[in-house]
Q: 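Just passing along the structure, written as structure tokens.
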2 protein chains.
Amino acid sequence: MSQIASKPTWLISQANLRNHLHRRAKTLSSLSRRLRHIYHPKYTHANRDTSSVQPKDVLNKGKSAAPLTKEELGRATWTFLHTLAAQYPEHPTRQQKKDVKELMAILSRMYPCQECADHFKEVIKVNPVQAGSHAEFSQWMCHAHNVVNRSLGKLVFPCERVDARWGKLECEQRECDLQGTTNFD
Amino acid sequence: MSQIASKPTWLISQANLRNHLHRRAKTLSSLSRRLRHIYHPKYTHANRDTSSVQPKDVLNKGKSAAPLTKEELGRATWTFLHTLAAQYPEHPTRQQKKDVKELMAILSRMYPCQECADHFKEVIKVNPVQAGSHAEFSQWMCHAHNVVNRSLGKLVFPCERVDARWGKLECEQRECDLQGTTNFD
């Protein structure tokens with residue numbers, strides 16, 4: 001820590017930014033490899049009106065994809081979780097509150113990277129899930145993500161801006177929104 | 001369906017491939033916009049040894065990110081789910097079997113796109129979760145994804161190749177793997 005603290009702030013930021021951009025470039029390269037695999041011309045298209053998969057609809061042989069990294073898995077999962085928080089109703093039902101708490105508990109046991117799951121278990125033990133409202137849950141999610149990011153030496157996010165970063169899903173007339181309750185018992 | 005069937009197969013494949021590549025290019029463009037937002041130079045780095053977020057660690061002002069599309073959310077969530085299936089133990093414990101079934105039930109209520117969640121509820125009603133072993137769960141996940149993809153007119157995946165497409169997480173000496181049970185009661 002003291003070694004880093006002795007450097008000028010702008011130098012740390014530049015170096016870290018370079019590292020992050022390098023990692024991101026690796027991810028894009030990996031994504032490109034996956035796309036070549038998935039969009040191989042031998043793939044054909046499933047017909048909307050077809051109720052079963054015909055032999056011509058699938059690829060019969062091909063190469064393996066590169067294994068997913070922990071970082072790629074983390075990015076995908078946080079994308080899902082922050083969107084869940086963004087769409088979480090202002091006035092959730094009891095079932096919705098129960099569901100998101102249970103979801104976090106399941107992730108702390110079953111997130112498909114054991115050491116990450118174990119760490120997340122500690123995070124939610126120290127920071128119990130807050131899901132009484134949209135604001136409460138999205139702030140809790142942002143805070144939990146920052147706790148994880150800090151432990152990994154990664155960027156933290158200013159939680160007062162979480163609604164701007166993770167807005168409602170792009171969906172006409174808000175028809176995708178999860179509905180909450182109008183009963184406040 | 002009959003209109004499509006009257007076209008030569010290679011022509012259908014080429015057209016569909018073009019559509020898919022176009023959609024994928026849009027996604028990459030959207031990703032690029034997000035990266036510009038996230039990796040803005042004003043972001044600084046959280047120190048690994050710092051237990052609280054200091055003012056210099058966060059961005060105090062900035063732009064909003066573009067809203068996530070249903071397709072981006074879907075891709076992120078399937079990445080998480082297929083990796084979960086890939087890491088699912090050969091001999092899961094009772095708790096693990098219960099957890100993944102409950103996770104799918106929660107997704108059918110809380111997936112942050114209501115119409116998608118409603119559709120997924122139908123999918124798991126017709127195709128109850130099979131989670132007795134790694135093979136069973138990864139095949140079930142692949143099948144469930146294909147049911148969703150077919151309904152959207154998207155590509156389907158040959159499930160006999162699911163282990164090659166969604167392999168174990170990239171992790172040294174398999175230390176990330178979820179552990180199952182050795183008791184077969």
Side-chain angles (χ1 to χ4, degrees), chain A residues 1 4 9 12-13 16-17 20-21 24 35 39 41 43-49 53 57-60 64-65 67-70 73 76-77 79-80 83-84 87 96 99-100 102-103 106 109-110 112-115 146 149-150 153-156 158 164-165 167-171 175-178, chain B residues 1 4 12-13 16-17 20-21 24 35 39 41 43-50 53 56-60 64-65 67-70 73 76-77 79-80 83-84 87 96 99-100 102-103 106 109-110 112-115 146 149-150 153-156 158 164-165 167-171 176-178:
Chain A
M1 182 178 172
I4 293 175
T9 307
I12 297 168
S13 302
N16 285 325
L17 182 65
H20 275 279
L21 289 175
R24 195 58 73 148
L35 293 182
Y39 290 92
Y43 267 94
T44 57
H45 205 262
N47 192 296
R48 182 177 284 271
D49 299 327
V53 181
D57 294 329
V58 297
L59 174 63
N60 292 321
S64 298
L68 209 67
T69 65
K70 276 194 278 190
L73 172 64
T77 310
T79 295
F80 161 68
T83 309
L84 172 67
Q87 298 280 97
Q96 288 169 329
D99 276 349
V100 293
E102 183 59 19
L103 173 62
I106 291 173
R109 295 188 290 265
M110 291 301 292
C113 155
Q114 188 64 63
E115 60 180 0
N146 277 344
N149 275 353
R150 268 205 304 277
K154 287 187 177 178
L155 295 167
V156 292
R165 172 65 187 87
K168 296 273 185 194
L169 202 63
E170 185 180 80
C171 207
E175 66 185 8
C176 291
D177 286 5
L178 299 172
Chain B
M1 184 179 173
I4 294 174
I12 298 168
S13 302
N16 285 325
L17 183 65
H20 274 279
L21 289 176
R24 194 58 72 146
L35 291 182
Y39 290 92
Y43 267 95
T44 57
H45 204 262
N47 192 297
R48 182 176 286 270
D49 298 325
T50 306
V53 182
K56 73 174 179 60
D57 295 329
V58 297
L59 175 63
N60 292 319
S64 298
L68 208 68
T69 64
K70 276 193 278 190
L73 171 65
T77 309
T79 295
F80 161 68
T83 309
L84 172 67
Q87 298 281 96
Q96 288 169 329
D99 276 349
V100 294
E102 184 59 19
L103 173 62
I106 291 173
R109 295 188 290 265
M110 292 301 292
C113 154
Q114 188 63 64
E115 61 180 1
N146 277 345
N149 275 352
R150 269 206 304 276
K154 288 186 176 177
L155 295 168
V156 292
R165 172 64 187 88
K168 296 272 184 194
L169 203 62
E170 185 180 81
C171 207
C176 291
D177 286 6
L178 299 173

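When reading the values below, keep in mind they use all heavy atoms of this one structure, side chains included, and skip hydrogens, waters and symmetry mates. Sequence lines set the chain letters: A, B, ... in the order given, protein chains first and strands last, and positions in each chain run from 1. Since the structure is predicted, the reported quantities are computational estimates derived from the model, not experimental observations.
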Q: Checking B/Q114 now: which residues fulfil side-chain contact (heavy atoms from CB on, under 4.5 Å) with it, not counting sequence neighbours?
A: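 Residues passing side-chain contact (heavy atoms from CB on, under 4.5 Å) with B/Q114: A/L178, B/A117, B/D118.
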Q: Quick one: salt bridge (charged side-chain N to carboxylate O under 4.0 Å, His left out) partners of A/K70, sequence neighbours excluded?
A: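 Salt bridge (charged side-chain N to carboxylate O under 4.0 Å, His left out) check on A/K70 returns A/E115.
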Q: Contact part of A/D177 toward chain B, heavy-atom cut-off under 4.5 Å: side chain, backbone, both or neither?
A: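 Just its backbone gets close to chain B.
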Q: Counting heavy-atom pairs under 4.5 Å to chain A, which of B/T83, B/V100, B/T79 comes out on top?
A: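 Between B/T83, B/V100, B/T79, the count favours B/T83.
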Q: Locate the shortest heavy-atom distance separating B/L73 from B/C113; write the atom from each residue and the value.
A: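 In this case the closest contact between B/L73 and B/C113 is CD2-CB, 4.4 Å.
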Q: Measure across A/L103 and B/I106 and return the closest heavy-atom pair with its distance rounded to 0.1 Å.
A: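 Result for this residue pair: N-CD1, 3.8 Å.
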Q: Does any heavy atom of chain A fall under 4.5 Å from the side chain of B/E170, the backbone, both, or neither of them?
A: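 Both backbone and side chain of B/E170 come within 4.5 Å of chain A.
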